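Input: a single structure, listed below in C-alpha cells.
As a basis for the values below, the full set of heavy atoms in this structure was taken, side chains included, without hydrogen atoms, waters or symmetry mates. Reminder, nothing fancy here: chain letters follow the sequence lines and each chain counts from 1. Please read all numbers here as calculations on a predicted model, not as lab measurements.
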Amino acid sequence: MRRFSWFNATSLTLGFAFLYLPMVILVIYSFNASKLVTVWAGFSTKWYGELLQNEDFLDAAWVTIRVAFFSSVLATVLGTMAATVLVRAGRFMGRGLFSGMIYAPLVMPEVITGLSLLLLFIGIGLDRGVFTIVLAHTTFAMCYVSVVVSSRLVSFDKSLEEAALDLGCTPFQAFRLVTLPIIAPAVISGWLLAFTLSLDDLVIASFTTGPSATTLPIKIFSAVRLGVSPEINALSTIMISVVTVGVITASILSKRSAVAQQRDEQAATQATG
Amino acid sequence: MNQKVFAPWDDPNQKPLIQFQNVTKKFGTFTAIDDLSLDIYEREFFALLGPSGCGKTTMMRMLAGFETPTSGTIRLSGQDLGQTAPNKRAVNMMFQSYALFPHLSVWENIAFGLKRESTDKDAIAARVEEMLRLTRLGKFAKRKPHQISGGQRQRVALARSLAKSPKLLLLDEPLGALDKKLREETQFELMDIQEKTGTTFVIVTHDQEEAMTVASRVAVMDEGRLVQVATPADIYEAPNSVYVADFIGDVNIIEGNATPNGDRVRIDWAEGQPEIWGTAQKPVASGERISFAIRPEKVTISKEKPEDRRNLLEGEVIDIAYLGNISTFHVKVGNGQIIKAQSANTRRLANRDITWEDRVWLTFTETAGVLLEG
C-alpha cells in the first residue's frame, strides 16, 4: 500500500523542514553579498574568499584536521582490537560487563566525559593542547568503531581463521592476512565515523584543549558570541559538506561493501549457490 | 598374482602414524570423548562415522590442534602432539564449509599455506600448478571463490589442504554440501587422489555409504566411544553390536533365547514359530538372551514353499518399497514381527509376481546372519 496521502506528505515535509530548514538557511546566507546576516543582498561567494584569508580560521582548521586524523586512526586501531577480542573470546566471566563498559561512553553525557578527561590530564600533569584533544577524541570515538566492527565480526565465519592457522599462520598473521582484509569495509567506515565525530565535537574539545590549540567548532562557538558573521556561515557550510560526505561515504561503504563481502564469503563457504 | 592386501593394522611390525592413548575430552561437564584409544596407520583412508554429537568432529579438531585433550596423549609418528599449536603441525584440514578465503583467487588460496613456510616463488608456483593439475582446476586459477561452482570450490579446498604435503589430511564432512550425483563422483576422485599422493586421510562423516565407499577402515562411534573399528566389509558383514548393525545399512533384528548345538545355535524367538538357526562367532551360553541380525538382501522371498530348509518363516506382505534396482518387501510373520526381505529387480515390473497381501515364504542360510549379545 503505497498510496499518496496528504497526511503522509505533510508529516514528511514538516519533519524534514524541522531537521534541515536551519541548515538550509545557514547555507543560503553564506552566499549573501551583504555583511548583515539577516538582509539578503544578492548572491556572492566573497565570504568564502575572505575565509581563506583569515589566518585564525585556517589555523583552527588545520588543528581540527590533525586532531581528527590522529584520533580516528588511534580509535580505529583500539576499537578494532576491542571488537575482535570481545567477539572472539567466547564466553568468560564478566564478558557482559566488559562489552557494556566499551559501549557505555556512547551514552555518557559529553560534559562528564570532557570533565573527567580534564581532571585526568590535570592530575597527571599533562599540558593541554592538540595531544590531549587527540587522546580525548580517541576515547569516545573508539566506542563507535568498536560497535561498527563487532557487528561485522559477529557474522564472520570463524573457520576462515582456523583455516589460516591450519595452513601455518600465527594468530597475528591469520588476523592480518585473512580477517582484516575481509572486515576492511567495516574498519574503514568505522574510521570515517570516528573522523567526522572528531571534526564536529565541541564539548569534549573545549574541556581538554589548551591555549595553543583551538579547533574549528571552538573557534566558531567563540566567534558567534561576538555576533554571527557571514564568514561563520561560509565556514559552517564547508563543515556541513565535509561531515555529510564523510557520513554518507561511511554508510555506503559499510552497507554496500560489507554486503558484497558477506555475499562472497557465504558463497565461498557454501558449496551450492 | 601375488598382490599384497593393504592391511597394516594386522601387521604387528607396523608403527601407527597416529596413536590416541586413553584420550578423554570434556567440555565443562559434558564428556565428548571418553577414554578412547585408537591407532591409524600410514596411507590409510580412515573414516570416523557416527551420528551428530558422537564426538567424531572433536576427534578431528584435536588432531588439527583446535582442541586439546583433557587427559591422555595423541601421537603423530611417535611424537606427542600435546599442546603443539595448529600452525606447527604436519596436519592439514579440509573444512566442512571449505573456508576458502573470499578475498583471494583460487591460485592464491592454494598458495596460501606454501607462502607461510617458504619464500621460494618458483617452488611455490610449481607446487600450485601441480595441485591445480591434480584437482583439474587449471582454468579457474584466477577466479575468486564466489565465481566458481560448489564442486570446484570443494576441489580448491582439497588442493589447498594438500598443497603442503601434510603427513595427515583431515576431511570434515568434505562432501556434505554436494548433491548426490556429484558426491558419488567426488568420492572416487578423493580415493584416486589419496592413492596418488599417498597421504593418510582421516574423514569425518555421518553418511555411512560415504564411509563404506572411501575408507580402508571405518570407526563407528557413539557417545564419545569407539563401538567398532574394522574394514567396511567386516563392519557390514560382522558387526559386533546391535548398534553397529543398525547404524550401517538396513537390518532385521530378531531377539530370542540361544541353545548351542555344535557350531550352530538354535534360537527360540516366538511361541509357535519355527526356530532360527544361526552360526556362533563366539561361544554362546545355553539360554542366553541374544539378538539375531540379518540383512534384508540375505533373506530370500518366494511364493512357493521351498523344501528342506531349516530357516523358513511364513508371512504376509504388508508393504513393498520399490527403489528401481531393488524392492524391499515388509513381511509380517506369525507373531506380528515385520521382517524385511530384498530382491533385485532383474525383470521388468510387469513380470514380477509378489504383491500386497500375498502369503510368502522367507528363507535364509544358517551362516547369513550374525548373533549379537543382548
Side-chain angles (χ1 to χ4, degrees), chain A residues 80 84 87-93 95 149 152-189 253-273, chain B residues 28 61 63-66 85-104 106 108-118 144-157 160-161 163-164 166 169-170 172-179 182-183 186:
Chain A
T80 306
T84 313
V87 173
R88 283 281 176 273
R91 262 180 277 168
F92 60 88
M93 275 283 284
R95 181 173 196 267
V149 173
R152 173 69 185 87
L153 277 174
V154 167
S155 65
F156 185 85
D157 182 2
K158 199 166 183 244
S159 65
L160 287 170
E161 261 176 22
E162 285 183 342
L165 292 175
D166 187 64
L167 291 166
C169 281
T170 61
F172 178 69
Q173 280 177 322
F175 181 79
R176 186 171 58 89
L177 296 169
V178 173
T179 313
L180 197 56
I182 296 171
I183 64 164
V187 174
I188 292 170
S189 67
L253 265 181
S254 67
K255 279 250 173 59
R256 190 203 282 162
S257 194
V259 164
Q261 283 277 7
Q262 221 164 328
R263 187 199 59 212
D264 292 0
E265 185 185 323
Q266 270 166 9
T269 53
Q270 281 167 14
T272 48
Chain B
R61 290 177 63 82
L63 281 172
F66 298 129
N87 53 330
K88 302 276 193 296
R89 298 185 179 206
V91 174
N92 282 129
M93 179 158 170
M94 188 184 147
F95 289 79
Q96 182 173 13
S97 64
Y98 304 155
L100 299 181
F101 304 132
H103 58 298
L104 301 177
V106 168
E108 290 164 321
N109 261 286
I110 299 173
F112 190 87
L114 299 167
K115 284 183 181 168
R116 301 283 82 75
E117 59 182 16
S118 153
K144 290 277 180 70
H146 68 272
Q147 294 164 323
I148 56 179
S149 76
Q152 288 156 356
R153 269 179 227 140
Q154 192 268 349
R155 298 211 298 272
V156 177
R160 187 179 70 177
S161 51
K164 292 181 82 173
L169 182 72
L170 306 169
D172 186 6
E173 304 268 4
L175 312 175
L178 304 180
D179 59 60
L182 192 56
R183 191 159 64 218
T186 314

> Can you tell if the side chain of A:Leu177 reaches within under 4.5 Å of the side chain of B:Lys115, non-hydrogen atoms only?
Replying inline: no
> What part of A:Glu161 is in contact with chain B, defined as an atom under 4.5 angstrom from a non-hydrogen atom: side chain, backbone, both or neither?
Replying inline: neither
>> If I measure from the heavy atoms of chain A, does B:Arg89 come under 4.5 Å with its side chain, its backbone, both, or neither?
In response: neither
>> Quick check: do B:Met93 and A:Glu162 have side-chain heavy atoms less than 4.5 Å from each other?
In response: no
>> Measuring from atom CD1 of A:Ile182 to atom CZ of B:Phe101, what distance do you get when rounded to the nearest 0.5 angstrom?
In response: 7.5 Å
> Can you find a heavy atom in the side chain of B:Leu104 that is under 4.5 Å from one in the side chain of A:Pro181?
Replying inline: no
> So how far is it from B:Arg116 CZ to A:Leu167 CG, rounded to the nearest 0.5 Å?
Replying inline: 9.0 Å
>> Using every non-hydrogen atom in the two residues, find where B:Val91 and A:Asp166 come nearest and quote the distance to one decimal.
In response: O-OD1, 3.5 Å
>> Is it the case that the side chain of B:Asn87 and the backbone of A:Leu165 share a donor-acceptor pair, with hydrogens and angles ignored and the cut-off at 3.5 Å?
In response: no
> With only heavy atoms counted, which part of A:Ala164 is less than 4.5 Å from chain B, the side chain, the backbone, both or neither?
Replying inline: both
